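Okay, structure first, notes after.
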Amino acid sequence: MRVDTPAIVLATVRYGESDVIVKMLTESSGLRSYMIRGLQKSKRGAFRPAMFQPLMQLQIQAMHRDKGQLERLTEAKVAVHYLSLNSDIVKSSMALFLAEVFKMTLQEQEPNPDLFTFLSEALLALDAADAPMNFHLKIVLEFQQFLGCYPDFKQGDQPYFNLEEGVFQASSAGVTRHGSVVQDLCTLAKTPFGQLAQWKTTTQQRRALLDLLMDYMQMHATGFKRPKSIEIYRQVFG
């Protein structure tokens, strides 16, 4: 079946000397992987390596056989020209981390337009942000809605967050976190993307929040492991 659809690049893996396999989330067909021949040596071909950087937003044409195998990409062009996501070192590091999170957790080969729209708009918000330091945390938290494990904030005034149940409670029963990181989690949930830059957080706050979110996802998201890019991000930014 021929498809023409927006797509977001999640990962590119080299295959042999010059071929690559590109995993993308497509709007029309969910998660798909494509073999692109000769990309590493391409100078005048239809595809360029820069098009397939993590989280690039493309408009693609492809042939889908719908048999769980590698699909064939016939055309691709950049649909969204980022202003700074690929050039700003903070944002590009966040993009690598987020792409790793998405790659590990997204498994559906069914279309999910709401998920696709969320990711597309969240990446545009990150790209446009003057102060992006909280954006990866917000994206990971809101992404959990599509994984079916978004925390229940109805009792967010309680001092303990139960990672096993995803609820806030008065006691320390179960696997819990407490203290300022729990308050920060509630603040993160209540703060829209457009106001994240006004929320002034410290490196210690962001580290604690990221650790909590990663521990929570390890408990609830099938196949999820702490991304290797977290340590690289911390080495660069503390």
Side-chain angles (χ1 to χ4, degrees), residues 1-88 91-124 126-127 136 139-140 143 146-147 221-225 227-229 232-233:
M1 178 178 66
R2 183 180 297 275
V3 298
D4 188 337
T5 179
I8 298 173
V9 176
L10 300 182
T12 301
V13 179
R14 191 158 184 164
Y15 185 82
E17 291 187 4
S18 60
D19 302 336
V20 299
I21 297 173
V22 181
K23 179 178 285 189
M24 300 191 220
L25 179 68
T26 70
E27 185 177 51
S28 70
S29 308
L31 195 65
R32 299 287 167 148
S33 294
Y34 303 88
M35 171 73 77
I36 304 179
R37 300 288 185 185
L39 182 67
Q40 298 296 332
K41 295 182 179 180
S42 175
K43 294 183 179 180
R44 296 185 178 181
F47 307 125
R48 297 286 187 274
M51 298 169 64
F52 301 100
Q53 297 180 65
L55 303 187
M56 287 294 289
Q57 299 193 47
L58 308 177
Q59 184 71 29
I60 67 169
Q61 293 183 18
M63 293 299 298
H64 287 177
R65 292 175 292 180
D66 296 324
K67 295 182 179 180
Q69 301 173 341
L70 294 175
E71 311 289 11
R72 183 165 65 89
L73 192 66
T74 57
E75 292 186 28
K77 61 181 180 180
V78 177
V80 174
H81 293 273
Y82 292 128
L83 300 173
S84 57
L85 189 64
N86 296 325
S87 57
D88 181 284
K91 294 179 183 180
S92 61
S93 298
M94 287 183 179
L96 288 173
F97 162 71
L98 291 169
E100 197 172 354
V101 170
F102 302 151
K103 181 184 69 173
M104 280 191 286
T105 52
L106 291 176
Q107 311 197 1
E108 52 195 72
Q109 281 199 318
E110 297 297 327
N112 188 333
D114 291 339
L115 168 62
F116 190 91
T117 298
F118 163 73
L119 293 183
S120 177
E121 293 180 351
L123 294 173
L124 287 173
L126 172 58
D127 180 54
H136 61 311
I139 291 172
V140 168
F143 177 58
F146 300 95
L147 301 178
T222 303
F224 182 79
K225 299 179 182 178
K228 297 178 182 178
S229 53
I232 297 174
Y233 185 85

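Predicted model only: the values in this text are computed from it and were never measured. Side chains included, hydrogens not; waters and symmetry mates left out as well; all remaining heavy atoms used.
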Beyond-backbone contact of [X] with [Y], side-chain heavy atoms, under 4.5 angstrom:
{"X": "Leu58", "Y": "Val78", "value": "yes"}
{"X": "Phe102", "Y": "Leu25", "value": "no"}
{"X": "Thr74", "Y": "Arg72", "value": "yes"}
{"X": "Val80", "Y": "Asp127", "value": "no"}
{"X": "Leu73", "Y": "Met24", "value": "yes"}
{"X": "Asn86", "Y": "Ser92", "value": "no"}
{"X": "Val3", "Y": "Ser29", "value": "yes"}
{"X": "Leu126", "Y": "Leu55", "value": "no"}

Determine the minimum heavy-atom distance between [X] and [Y], stating which atoms define it.
{"X": "Gln107", "Y": "Leu31", "value": "CA-CD2, 3.9 Å"}
{"X": "Ser28", "Y": "Pro111", "value": "O-CB, 3.3 Å"}
{"X": "Leu115", "Y": "Phe143", "value": "CD1-CE1, 3.9 Å"}
{"X": "Glu100", "Y": "Lys228", "value": "OE2-N, 3.0 Å"}

Tell me if a side-chain donor or acceptor on Arg37 pairs with a main-chain N or O of Ser18 at a distance below 3.5 Å. no
Working note: Phe116 + Asn112, criterion side chain to side chain contact (heavy atoms under 4.5 Å, CB included); need CA distance, chi angles, decisive distance, verdict. CA-CA 6 Å; Phe116 190 91; Asn112 188 333; over 6 Å; no
Gap between atom [atom2] of [Y] and atom [atom1] of [X] - 0.5 Å precision:
{"X": "Gln57", "Y": "Tyr82", "atom1": "CD", "atom2": "OH", "result": "3.5 Å"}
{"X": "Lys23", "Y": "Thr12", "atom1": "NZ", "atom2": "OG1", "result": "11.0 Å"}
{"X": "Leu96", "Y": "Gln53", "atom1": "CG", "atom2": "CD", "result": "9.0 Å"}

Should the pair Phe52 and Phe47 be assigned to parallel (<30°), tilted (30 to 60°) or perpendicular (>60°) ring geometry? perpendicular
For side chain to side chain contact (heavy atoms under 4.5 Å, CB included), just list the numbers for Glu27 and Ile8, CA-CA rounded to whole Å, side-chain angles, deciding distance to a tenth of an Å, and then say yes or no. CA-CA 9 Å; Glu27 185 177 51; Ile8 298 173; over 6 Å; no
Please lay out, stage by stage, how Ile60 and Tyr34 fare under the test side chain to side chain contact (heavy atoms under 4.5 Å, CB included). CA-CA 11 Å; Ile60 67 169; Tyr34 303 88; 3.5 Å; yes
Take a 6.0 Å sphere around OH of Tyr15 and say whether it holds more than 12 heavy atoms from other residues, nucleotides or ligands.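 Atom OH in Tyr15 is not crowded, with 12 or fewer foreign heavy atoms closer than 6.0 Å.
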For side chain to side chain contact (heavy atoms under 4.5 Å, CB included), just list the numbers for Met63 and Glu71, CA-CA rounded to whole Å, side-chain angles, deciding distance to a tenth of an Å, and then say yes or no. CA-CA 6 Å; Met63 293 299 298; Glu71 311 289 11; over 6 Å; no
